[in-house]
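Predicted, not measured: the structure shown is a model, and the values here were computed from it. Read the numbers this way: they start at 1 and go in the same order the structure lists the ligands and their atoms. Every heavy atom of this structure was used, including side-chain atoms; hydrogens, water molecules and symmetry mates were not. Sequence positions, counted from 1, serve as the residue numbers for this chain.
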Amino acid sequence: MFKMGIAGTGSYVPETRLTNGDLEKIMDTSNEWIMTRTGIAERRITTEEEATSDLAYHASLSALHDAGLQPEDIDFILVATVTPDHPFPSVANQLQHRLGCRSILSLDVSAACAGFLAIVDIADKYIRSGAFRHGLIIGADTLSKMTDYTHRSSSILFSDGAGAWVVSREKPDSSKGLLYSTIQSDGEHFTSLYVPGGGSRYPNPERAGVKNKIYMDGRKIFKMAIQSMSSSIHQTLEATSHTMEDIDWLVPHQANERIIDALSRNLGFPDHKVVKTIKYYGNNSAATIPLAFDLSVRNGTLQRGNKILLTSFGGGLVWGSALLAY
Ligand code: UT7
């Protein structure tokens with residue numbers, strides 16, 4: 001069996017900043033409350049004209065450049081998103097054309113904030129089996145387009161962005177590559193974090209008395225996020241015979257800094273080895289992990305040879321972890 005390595009990374013965020021000061025002007029909140037409860041100072045958000053595929057496109061170009069590959073070298077594209085430009089076709093289909101790739105497999109995967117880890121898991125199976133040599137996997141979301149800015153406890157979290165990896169086949173005995181990944185889901189609590197309207201259940205949200213905006217039971221999701229990510233990390237460490245001492249960096253989903261801190265405390269993992277980008281980028285769903293990863297590669301934090309643990313949790317509910325020898 002081959003291994004899946006990361007050949008290149010890229011990311012892109014829109015230029016417009018939405019600061020806590022901006023939010024103070026449109027809702028009853030304060031910079032102090034948002035900073036202490038979430039660790040977020042500002043978020044990047046798209047304009048009316050920008051869509052998810054635009055962010056994904058720029059992140060992809062950057063990852064391809066980093067990998068030293070051309071669009072025609074890519075054998076498959078997977079995009080994790082819950083905010084596609086259109087109900088169909090997929091963002092991945094649009095990227096295939098816009099990047100100038102061959103007629104290859106291109107699909108979107110819907111797993112909300114855990115979406116990037118879901119496509120890491122799928123891509124690994126495609127590459128390991130020998131079916132494909134190079135893949136482009138992208139986490140991209142424009143949550144601002146479905147944020148309910150009248151709901152002050154959830155709207156302060158959400159933002160837009162994209163992160164991409166070019167993943168490539170590595171020899172079975174390579175020291176580099178994905179060592180393990182796990183994704184789990186439980187639909188029982190799906191209404192704790194979802195968009196009620198706008199899909200086929202309530203295609204006319206106003207008539208049905210629901211919103212086509214994100215609803216979140218913050219306190220419930222907060223607790224479940226910490227429990228689920230902790231147990232998924234324990235499962236990953238056990239399956240690979242690793243302990244937290246073997247891990248160089250933890251790159252968790254950036255939902256709320258208090259969740260990240262509680263998670264590392266639970267795991268007994270030192271705070272200085274945890275990658276946090278939430279302060280300036282907020283929670284952009286499937287983009288948080290590849291965005292944080294790319295920014296940390298570019299500033300020299302994550303280095304080749306590091307053992308890196310990834311973990312995420314979000315709507316579905318879906319959660320997972322992955323361990324990587326970078
Ligand atoms: O990425 C996908 C997964 N998502 C998550 O993991 C997010 C999980 N949840 C959270 O991050 C947190 O629950 C929130 C940031 C959403 C909310 O923080 P919290 O500490 O759970 O606050 P809360 O909703 O329990 O509200 C506490 C108090 C309330 O006032 P009372 O009832 O105690 O008087 C709220 O009305 O804070 C008030 N409040 C605010 N005050 C100022 C809620 N939002 C705000 C606000 N500004 N923006």
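- Of the possible donor and acceptor atoms, one in the side chain of S159 sits under 3.5 Å from a partner among the backbone N and O of Y281.
- The stretch residues 117-146 participates, sequence neighbours left out, in these ring-ring contact (aromatic ring centres under 6.0 Å, His included) pairs: F76-Y126, F76-F132, Y126-F132.
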For ligand 1, run through the N/O pairs with the protein that fall under 3.5 Å and put one pair on each line.
unit_1: ligand 1; atom_1: 1 (O); unit_2: H253; atom_2: NE2; d: 2.8
unit_1: ligand 1; atom_1: 1 (O); unit_2: N283; atom_2: ND2; d: 2.7
unit_1: ligand 1; atom_1: 9 (N); unit_2: G218; atom_2: O; d: 3.1
unit_1: ligand 1; atom_1: 11 (O); unit_2: N256; atom_2: ND2; d: 2.7
unit_1: ligand 1; atom_1: 13 (O); unit_2: G218; atom_2: O; d: 3.2
unit_1: ligand 1; atom_1: 20 (O); unit_2: R37; atom_2: NH1; d: 2.6
unit_1: ligand 1; atom_1: 20 (O); unit_2: R258; atom_2: NH2; d: 2.8
unit_1: ligand 1; atom_1: 25 (O); unit_2: R219; atom_2: NE; d: 2.4
unit_1: ligand 1; atom_1: 25 (O); unit_2: R219; atom_2: NH2; d: 2.9
unit_1: ligand 1; atom_1: 36 (O); unit_2: R152; atom_2: NH2; d: 2.9
unit_1: ligand 1; atom_1: 37 (O); unit_2: W33; atom_2: NE1; d: 3.3
unit_1: ligand 1; atom_1: 41 (N); unit_2: W33; atom_2: NE1; d: 3.4
unit_1: ligand 1; atom_1: 47 (N); unit_2: T29; atom_2: OG1; d: 2.7
unit_1: ligand 1; atom_1: 48 (N); unit_2: T29; atom_2: OG1; d: 3.0
unit_1: ligand 1; atom_1: 48 (N); unit_2: R152; atom_2: O; d: 3.1

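- Not one N or O on the side chain of N284 forms a donor-acceptor pair closer than 3.5 Å with the backbone of F158.
- Checking side-chain atoms of R44 against main-chain N and O of G282 turns up no donor-acceptor pair under 3.5 Å.
- Among residues two or more places apart in sequence or in another chain, the side-chain hydrogen bond (donor to acceptor under 3.5 Å, both in side chains) test is passed with R17 by E42.
- When the side chain to side chain contact (heavy atoms under 4.5 Å, CB included) test is applied to E257, the partners found at least two apart in sequence or on another chain are D261, K276, I278.
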